[in-house]
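First up is the structure itself, then whatever we jot down about it.
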Amino acid sequence: MAPITDEQVEAVRALVATIPAGRVATYGDIAAAAGLSSPRIVGWIMRTDSSDLPWHRVITASGKPAPHLATRQLERLRAEGVLATDGRVPLADVRHAF
DNA sequence: CTGTTGACCGATC
DNA sequence: CGATCGGCCAACA
């Protein structure tokens, strides 16, 4: 896959915006759905591109947000109806299917 | 141009 | 379960 294009980034943002409240998606899923070659790119986009998108609905494949944001995001998710047990979100129930 | 780093993932030990 | 490794790709010093 060639270098990342603007459309890829747009696709990622669109997908994140598509995630309804009470649901979450994994970096890998978004990367795959957006046609990215590597999940890391998704993380890179979030870090660099600070949009108004609900990035807190994006978590790792382990069912937890990134370590430094874990506490905060889990709180937000809880407010949206996503109950996390032991700092972990039940992906099987809240994972959003694209 | 080279080397590190980072919101990752999967396999393996 | 935790730790490590390799692969992945772009930004940055």
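These numbers come from a predicted model, not from an experiment. A, B, ... follow the sequence lines: proteins, then strands. Residue 1 opens every chain.
In this structure, the nucleotide among C/dC9, C/dA10, B/dA7 sitting nearest to the side chain of A/Ser37 is C/dC9. Nearest nucleotide to the A/Thr60 side chain, out of B/dG6, C/dA10, B/dC9: B/dC9. Distances from the side chain of A/Ile4 to the nucleotides C/dA11, B/dC8, C/dC9 place C/dC9 closest. Comparing B/dA7, C/dC8, B/dG10 by their nearest atom to the side chain of A/Ser38 picks out C/dC8. Side-chain proximity of A/Pro39 to C/dA10, B/dC9, B/dA7: nearest is B/dC9. Counting only heavy atoms from C-beta on, A/Ala61 has its side chain closest to B/dC9 among C/dC8, B/dA7, B/dC9.
The CD1 atom of A/Ile45 sits 13 Å away from the C1' atom of B/dG6 (whole-angstrom rounding). The CE-P distance, from A/Met46 to C/dA10, rounds to 17 Å in whole Å. Note: NZ (A/Lys64) to P (C/dC1) measures 11 Å, nearest angstrom. Separating the CZ atom of A/Arg13 from the C1' atom of B/dA7 is a distance of 16 Å, rounded to the nearest angstrom. Taking atom CZ on A/Arg47 and atom C1' on B/dC8, their separation rounds to 13 Å, with Å as the unit. Taking atom CG of A/Leu36 as the reference point, atom P of B/dC9 lies 13 Å away to the nearest angstrom. For the pair A/Ile41 CD1 and B/dT5 P, the computed distance is 18 Å after rounding to whole Å. What separates OH of A/Tyr27 from C1' of C/dC9 is a distance of 16 Å, to the nearest Å.
Mapped onto DNA chain C by nearest heavy atom, A/Trp44 and A/Arg88 fall at different nucleotides, with A/Arg88 at the one closer to the 5' end.
Between A/Gln73 and A/Lys64 the shortest side-chain heavy-atom distance does not fall below 4.5 Å. Within the 4.5 Å cutoff, side-chain heavy atoms of A/Ser51 are placed close to those of A/Arg13.
Closest heavy-atom contact between A/Thr60 and A/Leu91: O-CD1, 4.2 Å.
Between the side chain of A/Arg40 and the base of B/dG6, a donor-acceptor pair under 3.5 Å is found.
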Evaluation steps, side-chain contact (heavy atoms from CB on, under 4.5 Å), between A/Ile41 and A/Ile45: CA-CA 6 Å; A/Ile41 306 302; A/Ile45 295 172; 4.2 Å; yes
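Of the inter-residue distances, the one linking A/His96 atom NE2 with A/Thr18 atom OG1 reads 6.0 Å to the nearest 0.5 angstrom.
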